[in-house]
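Keep in mind that this is a model prediction, so the values were computed, not measured.
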Amino acid sequence: MPEFQTSPGMRDILPPESGRWRRFTAVFAEVVEAAGYQQLIPPLLEDLGVFTRIGDATDVVTKEMYDFVDKGKRRVALRPEQTASVCRSFAQHRPTVPWKVFYSGPNFRYEKPQRGRYRQFDQVGVEVLGVDDPMLDVEVISLGWEFYRALGLRQVTLQLNSLGEPGDRVQYVNALRTHFEAAGERLSEQSRITLTKNPLRILDSKREPDQPFIKSAPQIADFYSEEAAAHFDAVKVGLRALDIQFVEEPKLVRGLDYYRRTIFEFLGGTLDSAQNALGGGGRYDGLVQALGGPATPGIGFALGVDRTLIACDDEGCFDAEAPQLDVFVVDAVGGLEAAVLTSDLRAVGLSVDRGYDNRSMKAQMKLANRSGASFAVIVGEQERADGAVVIKPMHGGDQATIPRSELIAHLLETMNL
RNA sequence: GUGGUCAUAGCUCAAUAGGUAGAGCACCAGGUUGUGAUCCUGGCGGUUGGGGGUUCAAGUCCCCUUGGCCACCCCA
C-alpha cells in the first residue's frame, strides 16, 4: 500500500477513462448548444448562505456540506450542487431572459461513499430562468432524453410528477402530515423523524412498516389548482407529441426542497442498484427570489456523470476508446532524428509519438504497436546515411523506404488528408 | 451516521485442518547482432492494507485501525 491514497469518496479518473469523461461532457455540450444553451462556469465555493437558503430541511444542506470559515472569516461551502449557484449568478448579474445555460463540473457532499456515490461527484446540467411556458418543461426534459440517446442508452425510464403550485403543495403536505400522524407508532422510527421535518419525503421511504401507509396516502393530484393541473397536462401533451415515453409517478418527490410544479427523474435500466437515479430535475420558481433576485420562474436538471457512465457500462455503450495516433517514430540511431521528425510531422497536424532512452529497435517497435499508431516511421544507420526513412503500416501492408523529403507528402496522401 | 462484508505482486486471483507465499496478465531482456501484435526462454516484482495480541509457528485465529463494496439513510 502506498503511503498516500485518495481521501474517502475521492478518486483519480485515469486514462483511458478520463478520455471518456471528456467526450461525455463534449457530447452533452453539443446536444444542449444545439438548443441555444450556453455554458456558465460558476465557482466551486460560495457563501454558505447560498446553499442554506435553498433547503435547510434537507440532509444535503444540513449534514453533508463541506463548509468552513476561510481566512477572511467568511462562512463558505464547497457547492453540493449547482442549481443554487446558477440562481445566485442570475440574481447577481441580472441577464436578460430567457437565460438558458448549461454547466458541468464537480460537486461535494460528505456522505458515506459507495459505488456510484462519491464525495466529489460530477454533474452536467441545464437551467433556464425567466420562462413559465410548459413547452419549456418539455424542451428541458427532451434535452435530457436526447442526451441519453446520444450516449447510446436505451433503457432509461423517465418518471414524471407535479408538486402543484406552492399553495397546493402546502395543502398537500398538511394532508400528508395528518395522514402519517394517524399511523403513529406503526410508522418506522426514521419516518416519524422525517414527518416532523418534511412529510413529503416519507413517500420515498423503502422501509417495510411504512409501505401500507404510503400506499393509502392522499394523492397529490387531488390538490392541484386549476392552473397547476393545466400546466402539468400541457407538459404531458408536449412529451407525447415528441414521442418521449414517461411514467407518471404520483409519489415521486425530489431531494431538494425548492421544487414546484413539474418534477422528473431519469432511472437507469439496472434494477439491482440503490444508485439507479441517473439524474433529475424540475421547476423551482421562487429560488431566484429566495436568493435576493426578482421573482423568476426556473427549471432545469442535473445528471450524474458517474452513474450515467455506469449505466453505459451496463448497457455496453459509449465505451472508452483507445487513443488514435497517426505515427510512431522509431529512431535506432540516438534519438535526435526522432526529435526532428516528430516535430515536423506534428507541425503538419499529425498526431505523433516516439520512443525514448535510445532503446533497441525491437523495444521501440513494441511501443509503436502498443501506441495504436497507423504507421511506424523508422530511422536506422542505413536510412540516416541515405537521407531516407522506412515507413511501415502497422495494421498490415508492406513497408517502404522513401526519401525523407517525401515523407510528409507521402503520409498525407496515404491518409487522405 | 448505523449495520454487514471484504482487503494477498501494477491488475485478476490461488495457498489443503494455523507451518513460513504461487499463477495468469502486464512490464523488462533474450530467441544468432535493423522491425511490433503470436510463440519459446529467462528476469523484475509481495515486512500478505496498517498496528497489537494468542501460538513453537499466522495470509490463515482474536482485538483495534484504515480503505473498498453492500444495505439503511440520502441522492446524482
Side-chain angles (χ1 to χ4, degrees), chain A residues 1-11 14 55 57-65 80-83 104-125 144 188-191 193-194 197-198 201-202 204-208 210 252-256 265-268 272-281 301-311 328-333 355 357 359-373 375-385 389-396 398-399 401:
Chain A
M1 274 297 136
E3 185 178 358
F4 291 111
Q5 52 186 314
T6 47
S7 197
M10 307 282 173
R11 70 240 203 270
L14 302 168
T58 65
D59 285 5
V60 168
V61 169
T62 56
K63 300 201 296 211
E64 300 173 356
M65 269 211 288
E81 55 119 51
Q82 293 177 67
T83 303
S104 70
N107 305 312
F108 302 85
R109 260 123 96 155
Y110 194 88
E111 295 183 276
K112 193 152 179 177
Q114 270 179 40
R115 180 169 186 249
R117 178 167 134 183
Y118 305 97
R119 289 181 177 175
Q120 177 181 333
F121 65 100
D122 270 59
Q123 286 184 328
V124 297
S188 70
E189 198 184 331
Q190 270 288 347
S191 289
I193 297 168
T194 307
K197 295 192 297 188
N198 188 350
R201 203 71 58 60
I202 297 179
D204 229 1
S205 162
K206 292 167 205 152
R207 293 171 291 269
E208 196 45 49
D210 300 335
L252 175 65
V253 294
R254 307 236 59 234
L256 287 319
E265 208 160 274
F266 295 105
L267 267 36
D272 59 336
S273 174
Q275 263 72 249
N276 72 338
L278 266 34
F301 65 69
L303 313 180
V305 176
D306 314 274
R307 291 186 186 182
T308 305
L309 252 15
I310 289 171
F328 193 97
V329 177
V330 172
D331 177 348
V333 288
D357 293 332
R359 296 226 271 153
S360 71
M361 184 169 290
K362 176 171 180 165
Q364 291 190 57
M365 285 305 296
K366 285 182 82 163
L367 293 175
N369 181 56
R370 208 184 302 159
S371 76
F375 297 93
V377 169
I378 306 167
V379 182
E381 292 291 353
Q382 192 66 55
E383 288 75 20
R384 182 167 60 177
V389 294
V390 170
I391 177 165
K392 172 170 180 151
M394 294 300 285
H395 308 312
D398 295 326
Q399 68 179 45
T401 301

Participant: Rounded to whole angstrom units, what separation is found between the CD atom of Q82(A) and the P atom of A76(B)?
Facilitator: 12 Å
Participant: Just how far, in rounded Å, is C1' of C74(B) from CD of E81(A)?
Facilitator: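 Going from CD in E81(A) over to C1' in C74(B) covers 14 Å.
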Participant: Tell me: CD of E381(A) to C1' of U33(B), nearest whole Å?
Facilitator: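 Taking CD of E381(A) and C1' of U33(B), I get 13 Å after rounding.
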Participant: Could you please name the option among G34(B), C70(B), A76(B) that lies closest to any side-chain atom of E111(A)?
Facilitator: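 That would be A76(B).
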Participant: Please measure how far the C1' atom in G22(B) lies from the corresponding atom in A9(B), and state the result in whole Å.
Facilitator: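 G22(B) and A9(B) have their C1' atoms separated by 10 Å.
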Participant: Picking from G34(B), G1(B), A37(B), which would you name as closest to the side chain of R117(A)?
Facilitator: G1(B)
Participant: Does R119(A) make a cation-pi contact with Y110(A), if we ask for NZ or CZ under 6.0 Å from the ring centre and within 45° of the axis?
Facilitator: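 Verdict for Y110(A): a cation-pi partner in R119(A).
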Participant: Considering only heavy atoms and no angle criterion, is a donor-acceptor pair shorter than 3.5 Å present between the side chain of K362(A) and the base of U35(B)?
Facilitator: no
Participant: When the distance from CE of M10(A) to P of G68(B) is rounded to whole Å, what number comes out?
Facilitator: 11 Å
Participant: Roughly how far, to the nearest 0.5 Å, is CZ of F328(A) from CD1 of I378(A)?
Facilitator: 11.0 Å
Participant: Taking the side chain as everything from C-beta on, heavy atoms only, tell me whether D122(A) gets closer than 4.5 Å to N107(A).
Facilitator: no
Participant: For C72(B), give the paired nucleotide (Watson-Crick: N1-N3 plus N6-O4 or O6-N4; G-U: N1-O2 and O6-N3; both under 3.5 Å), or none.
Facilitator: G1(B)
Participant: Taking side chain as C-beta onward, heavy atoms only, is E81(A) less than 4.5 Å from R109(A)?
Facilitator: yes
Participant: Watson-Crick or G-U wobble partner for U38(B), using a 3.5 Å limit on both distances?
Facilitator: none
Participant: From the options G67(B), C69(B), C74(B), select the nucleotide whose nearest atom is closest to the side chain of T194(A).
Facilitator: C74(B)
Participant: Taking N and O atoms by type only, does the side chain of R370(A) place a donor or acceptor under 3.5 Å from a partner on the base of C27(B)?
Facilitator: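 No such pair is found, so the answer is no.
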Participant: May I ask which nucleotide in the shown strands pairs with G22(B), Watson-Crick or G-U wobble, both distances under 3.5 Å?
Facilitator: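 Across all strands, the one nucleotide that pairs with G22(B) is C13(B).
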Participant: Determine the interatomic distance between P on A21(B) and the same-named atom on C27(B); round to the nearest Å.
Facilitator: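 The answer is 28 Å between these two P atoms.
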Participant: Whole angstroms only, please: what is the CZ-C1' distance between R11(A) and G67(B)?
Facilitator: 15 Å
Participant: Using atom P of each nucleotide, how far apart are G31(B) and A23(B) to the nearest Å?
Facilitator: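 Roughly 25 Å separates the two P atoms.
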Participant: Rounded to whole angstrom, note down the P distance from G24(B) over to G18(B).
Facilitator: 28 Å
Participant: Could you tell me which nucleotide pairs with C44(B) by Watson-Crick or G-U wobble geometry, both distances under 3.5 Å, or answer none if nothing does?
Facilitator: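 Check on C44(B): unpaired, no WC or wobble geometry under 3.5 Å.
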Participant: Side chain of K366(A) only, please: which of C69(B), C75(B), C28(B) is the nearest?
Facilitator: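 From the listed options, C28(B) comes nearest.
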Participant: Has Q364(A) got a side-chain atom pairing as donor or acceptor with R359(A)'s backbone, closer than 3.5 angstrom?
Facilitator: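 At least one qualifying donor-acceptor pair exists.
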Participant: For the side chain of Q114(A) and the base of G68(B), is some donor closer than 3.5 Å to an acceptor across the two?
Facilitator: no
Participant: Tell me what G279(A) touches on the nucleic acid: a base, only sugar-phosphate, or nothing, going by heavy atoms under 4.0 Å.
Facilitator: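 It contacts sugar-phosphate atoms only.
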